[in-house]
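Each remark here refers to the structure printed beneath this line.
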Amino acid sequence: MGIFERFLSIWVALGIAVGVGLGLLVPDLFQAVAGLAWAHVNLVVAVFIWVMIFPMMVQIDWRAMKDVGKRPQALWLTLVVNWLIKPFSMAALGVLFFQHIFAPWVDPQSAKEYIAGMILLGVAPCTAMVFVWSQLVKGDANYTLVQVSINDLVMVVAFAPIAAFLLGVADVTVPWETLVLSTVLYVVLPLAAGMLCRRLWLARGAEHLQRRVVQLKPWSVTGLIATVVLLFGFQAQTLIDKPLVIALIALPLVLQTYGIFFIAWWGARWLKLPHNVAGPACLIGTSNFFELAVAVAISLFGLHSGAALATVVGVLVEVPVMLSLVALINRWAPQQPKIAKA
């Protein structure tokens with residue numbers, strides 16, 4: 001493990017500090033970068049996420065993909081957690097905190113909007129970042145790709161009805177441009193590039209491929225830190241202007257993330273899944289497809305609404321919390337069955 005991976009938490013903490021500092025010092029620069037977006041997908045962030053996940057795409061061995069179907073338990077675990085548990089537990093936590101526990105400090109209208117933002121996060125499980133988390137826990141790259149692909153297919157048909165039901169609105173319009181563009185940028189293009197590079201490098205020998213993979217690994221961490229700097233730079237002024245609101249929203253989001261993780265981890269242990277399959281299966285539901293959640297929040301409630309703010313807070317808390325879960329999985333790895341190919 002290189003110096004970047006070994007001290008990743010420190011680098012991310014520095015990235016957060018640098019992002020907030022630069023966001024306050026040169027806000028115009030970050031506003032200009034934030035404006036480079038299409039269908040609510042920031043193109044600069046997309047490039048950094050691409051840099052993050054490309055090294056993992058190179059490791060996907062298509063000859064081994066056929067073996068994924070021989071172990072469907074993790075796929076079922078992901079589907080149950082993502083679509084039968086997570087959206088409803090998020091809604092329940094939102095109501096508990098903002099209509100009861102935090103009621104003395106939050107007005108009713110704002111409370112409803114914060115709950116709505118939390119629900120949208122809960123109905124949008126991760127698409128891209130899970131590749132990074134999977135790599136950090138030494139997950140099976142082939143199995144992770146299948147999990148993400150199936151999750152995306154379910155999202156196409158399940159996102160709108162579940163969101164509409166939990167939000168209590170008649171109709172939720174899915175921003176198809178955001179969904180399709182994110183899938184193409186974060187999955188299709190890096191996957192195609194990874195397949196091409198793997199074939200070209202493998203033609204020069206297995207040792208050459210392995211050497212290239214080792215050379216690419218630091219870029220994954222570099223992309224992650226650059227993304228953190230941008231995301232916190234975008235929201236630096238909000239963090240300074242509304243620290244109490246940010247903290248109130250962050251608390252139930254953090255509890256939800258850890259709660260969903262432990263439910264999935266218990267399920268993985270009960271199913272006796274190997275570590276390289278259990279890790280990604282637990283992490284895919286605990287992180288969020290924030291572009292989709294932010295886009296829907298803005299379209300339904302407005303750019304400056306409490307719902308949009310809640311989805312942004314979800315972005316801010318995700319990376320530090322997910323890194324802590326990655327550390328837990330790696331610490332518990334010896335307690336899992338021996339690593340086996342999915």
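- The number of heavy-atom neighbours closer than 6.0 Å to CD of E207, taken from other residues, nucleotides and ligands shown, is 12 or below.
- Here the closest non-hydrogen pair linking G314 and L121 is CA-CD1, 3.8 Å.
- Between W201 and H208, the two ring planes are perpendicular [angle over 60°; tilted spans 30° to 60°].
- Residues satisfying the ring pair (Phe, Tyr, Trp, His ring centres under 6.0 Å) test with F30, not counting sequence neighbours, are none.
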R204 and L200: CA distance, side-chain angles, deciding distance, side chain to side chain contact (heavy atoms under 4.5 Å, CB included) verdict
CA-CA 7 Å; R204 299 176 63 178; L200 292 175; over 6 Å; no
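- Within the 4.5 Å cutoff, no side-chain heavy atoms of W133 are placed close to those of T286.
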If you apply the rule side chain to side chain contact (heavy atoms under 4.5 Å, CB included), what do you find for M57 with R198, and how did you get there?
CA-CA 9 Å; M57 294 302 191; R198 181 181 179 88; over 6 Å; no
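- Applying the side-chain hydrogen bond (donor to acceptor under 3.5 Å, both in side chains) rule to pairs touching residues 152-161 yields T127-D152, sequence neighbours excluded.
- L14 places a side-chain heavy atom less than 4.5 Å from the side chain of I10.
- Taking the side chain as every heavy atom from C-beta outward, I249 and F97 never approach each other to under 4.5 Å.
- When all heavy atoms are compared, the tightest approach of M155 to P125 is CE-O, 3.6 Å.
- Checked against ring pair (Phe, Tyr, Trp, His ring centres under 6.0 Å), F54 has the following partners two or more places apart in sequence or in another chain: W50.
- Two residues are said to be in side-chain contact when any heavy atoms from C-beta on lie closer than 4.5 Å; L325 and Y258 meet this criterion.
- With a 4.5 Å cut-off on side-chain heavy atoms, F102 and P252 count as touching.
- Inter-residue side-chain proximity for L239 and L316 is flagged as met; some heavy-atom pair is nearer than 4.5 Å.
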